[in-house]
Amino acid sequence: MTSVGDFPNLTRSHSRRGLWETESVIGRRKRVGRMSEEMKLPKRSEDFSEWYNQLVLRAELADYAPVRGCMIVRPYGWAVWENITAALDRRFKATGHVNAAFPLLIPRSFIEKEKSHVEGFSPELAVVTHGGGEELEEPLVIRPTSETIIGHAYSKWIQSYRDLPLLINQWNSVVRWELRTKLFLRTLEFFWQEGHTAHATAEEAEAETRQMLDVYTDFAVREAAVPVIPGRKSAAERFAGAEQTYSIEAMMGDGKALQAGTSHNLGQNFAKAFEIRYLDKTGVLQHCWTTSWGLSTRFIGAIIMVHGDDQGLILPPRLAPYQIVIVPIYKTDEEKASVLETAQRLRRELVDAGIRVKLDEREGMSPGFKFNDWEMRGVPLRMELGPKDVAKGSVVLARRDRPGREGKSFVPQQGIAAAVAQALEEIQKALYERALAFRQANTADPADYAAFKQAVEKGFAYSWWCGGAGCEEKIKDETKATMRCIPAEDPISGQSAPQAGGAAKCIYCGAAAQEKAIFARAY
RNA sequence: CGGGGCGUAGCGCAGCCUGGUAGCGCGCCUGCCUUGGGCGCAGGAGGUCCGCGGUUCAAAUCCGCGCGCCCCGACCA
């Protein structure tokens with residue numbers, strides 16, 4: 001398990017005076033504390049965008065940087081990313097990939113070698129024109145992705161079919177000069193991994209492309225509890241330079257789609273542009289078939305927007321930096337001593353069981369404050385431990401996914417590690433099921449174009465489509481919905497995608513259709 | 001790149017219209033007190049009023065020009 005250090009305190013910067021009465025859950029003693037609307041986030045249902053922005057800042061996942069469109073990933077956010085990278089890297093290694101590092105700076109001429117690649121990326125390139133006080137003879141591009149520089153290296157490294165397949169990944173950051181940015185979802189610089197592979201045959205490359213899409217799907221579902229729809233992209237949505245692009249698409253809490261990972265079959269396009277060739281068994285010189293695939297810090301945005309609620313973030317237990325936080329409660333010094341002693345003993349037990357634990361020993365903050373603080377930061381499980389619990393040999397466990405009293409239960413200290421582990425499993429499962437149910441409830445199979453328009457107002461439309469770029473374009477102009485992907489499985493029923501028949505008509509033009517596609521407004 | 005909003009203490013804002021001592025809340029520091037859902041009291045520290053120029057005896061305030069950020073539309077992981 002990943003070990004995690006301490007994170008700076010949440011800034012309590014939005015307080016405003018206001019009174020509310022609360023009743024303690026167990027003691028039934030009334031007290032009056034400060035609480036107000038302005039300490040809370042905007043309601044998710046009322047202003048999703050502002051809810052998201054404030055949540056990211058206040059949960060201390062990230063902050064704005066001095067350069068427009070750039071972000072600082074704060075320790076707590078980076079800890080989530082570390083858990084994501086660990087879960088993915090494990091899967092990459094298990095499928096035979098190795099890691100390497102390629103340079104940040106790329107000769108401009110490299111980008112220009114593959115025609116559609118240039119066209120796709122040139123508007124969003126950052127270019128270095130000076131170095132060491134001198135103007136450079138050839139400007140250097142800051143990588144927007146590394147196909148070109150890796151293609152250059154592969155052309156040197158690959159000579160024979162014995163050198164194939166070449167399966168390399170790199171963890172890095174890339175820069176794309178985006179016009180409109182949002183923390184995690186779209187920033188000028190973002191962190192990701194990019195896998196780049198070279199193969200001897202078209203079939204192998206296609207198999208690799210799909211295998212990595214499966215890896216992303218497995219990661220999203222099992223680690224992040226984010227249900228995704230894997231599928232194939234339209235030509236318009238395809239990566240610049242790819243023959244075929246696949247993606248996993250997730251539904252956010254506002255019904256919009258987010259592309260959460262992509263896998264590209266690059267065919268021989270880059271192999272031809274960079275002369276990546278090998279001698280086959282029969283002595284014939286062939287171009288390789290290459291792939292690339294990536295998943296970025298954007299995925300953190302997906303986790304936020306899929307699971308979060310009005311109280312703040314909810315992290316899936318498998319990716320949470322802290323899976324459980326222990327909040328000690330005491331009045332007197334004697335109580336403090338015995339509560340903390342018990343708390344430390346329980347923490348030890350949990351740590352020994354491989355559970356990521358935070359014991360919140362901060363002084364001068366009320367337990368109530370700490371409850372809210374950790375809820376904002378999405379810790380999946382909270383243990384409340386006070387003198388009464390010490391006396392009874394029990395603790396209170398509170399589930400983040402079930403707010404308030406409903407999520408609380410008394411649990412014996414005896415066997416705490418097993419109980420916590422089980423609760424974490426249940427939360428992981430419940431988060432996935434809730435997200436899936438939400439997506440199902442907001443995915444429609446509209447009967448006609450009028451129903452289609454309504455469907456994409458609140459979620460996904462799964463519709464027959466003639467495959468024509470014209471219809472895709474008009475749908476986008478008229479509804480703001482884009483073609484997200486053509487799933488291999490029906491996302492509503494979970495069965496194999498339906499075969500085209502006589503009744504299969506394009507939702508827009510009515511012409512005969514072969515495939516059913518997901519359409520949605522997207523981030 | 002078009003439309004809108006904003007820029008004053010760490011954060012959120014008032015002051016600007018009608019020019020003259022820079023304020024409030026939260027946070028922060030110290031002490032006491034409290035702690036089962038965002039405790040209380042007292043004292044304290046903290047300012048390039050986004051920048052530059054202009055008008056004026058005097059500019060946070062009026063005028064001009066910049067810059068930055070956020071939100072909404074055209075492109076994108």
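These values consider heavy atoms only, across backbone and side chains, with no hydrogens, waters or symmetry-generated copies. We name chains A, B, ... by the order of the sequence lines, and we start the count at 1 in each one.
If you check every strand for non-hydrogen atoms under 4.0 Å, Leu185(A) touches a base. Contacts of Thr332(A) with the nucleic acid, taken as non-hydrogen atoms under 4.0 Å apart, are absent. Residue contacts shown for Lys233(A) are absent, as no nucleic acid heavy atom lies under 4.0 Å away.
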Go through Leu385(A) and Gln413(A) one step at a time and tell me if the side chain to side chain contact (heavy atoms under 4.5 Å, CB included) criterion holds.
CA-CA 10 Å; Leu385(A) 183 70; Gln413(A) 290 172 19; 4.0 Å; yes
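Trp293(A) meets the ring-ring contact (aromatic ring centres under 6.0 Å, His included) test with Phe92(A), His97(A); sequence neighbours excluded.
Look at U34(B): its glycosidic torsion is beyond 90° from 0, and that puts it in the anti range.
Heavy-atom distances to RNA chain B give each of His264(A) and Asn53(A) a nearest nucleotide, and the one nearer the 5′ end belongs to Asn53(A). If you find the closest nucleotide of RNA chain B to Lys480(A) and to Glu375(A), the one lying nearer the 5' end belongs to Glu375(A).
If you check distances only, the side chain of Arg382(A) does reach the base of G37(B) with a donor-acceptor pair under 3.5 Å. Contact of Asp389(A) with G36(B) (side chain to base): a donor-acceptor pair of N or O atoms is detected under 3.5 Å. A donor N or O paired with an acceptor N or O is not found under 3.5 Å between the base of G36(B) and the side-chain atoms of Lys370(A).
The side chain to side chain donor-acceptor pair (under 3.5 Å) contacts involving residues 467-476 of chain A comprise Ser234(A)-Glu472(A), where partners must be two or more places apart or lie in separate chains.
What you find for Trp192(A) and Gly294(A) is that their closest heavy atoms are CE3-CA, 4.3 Å.
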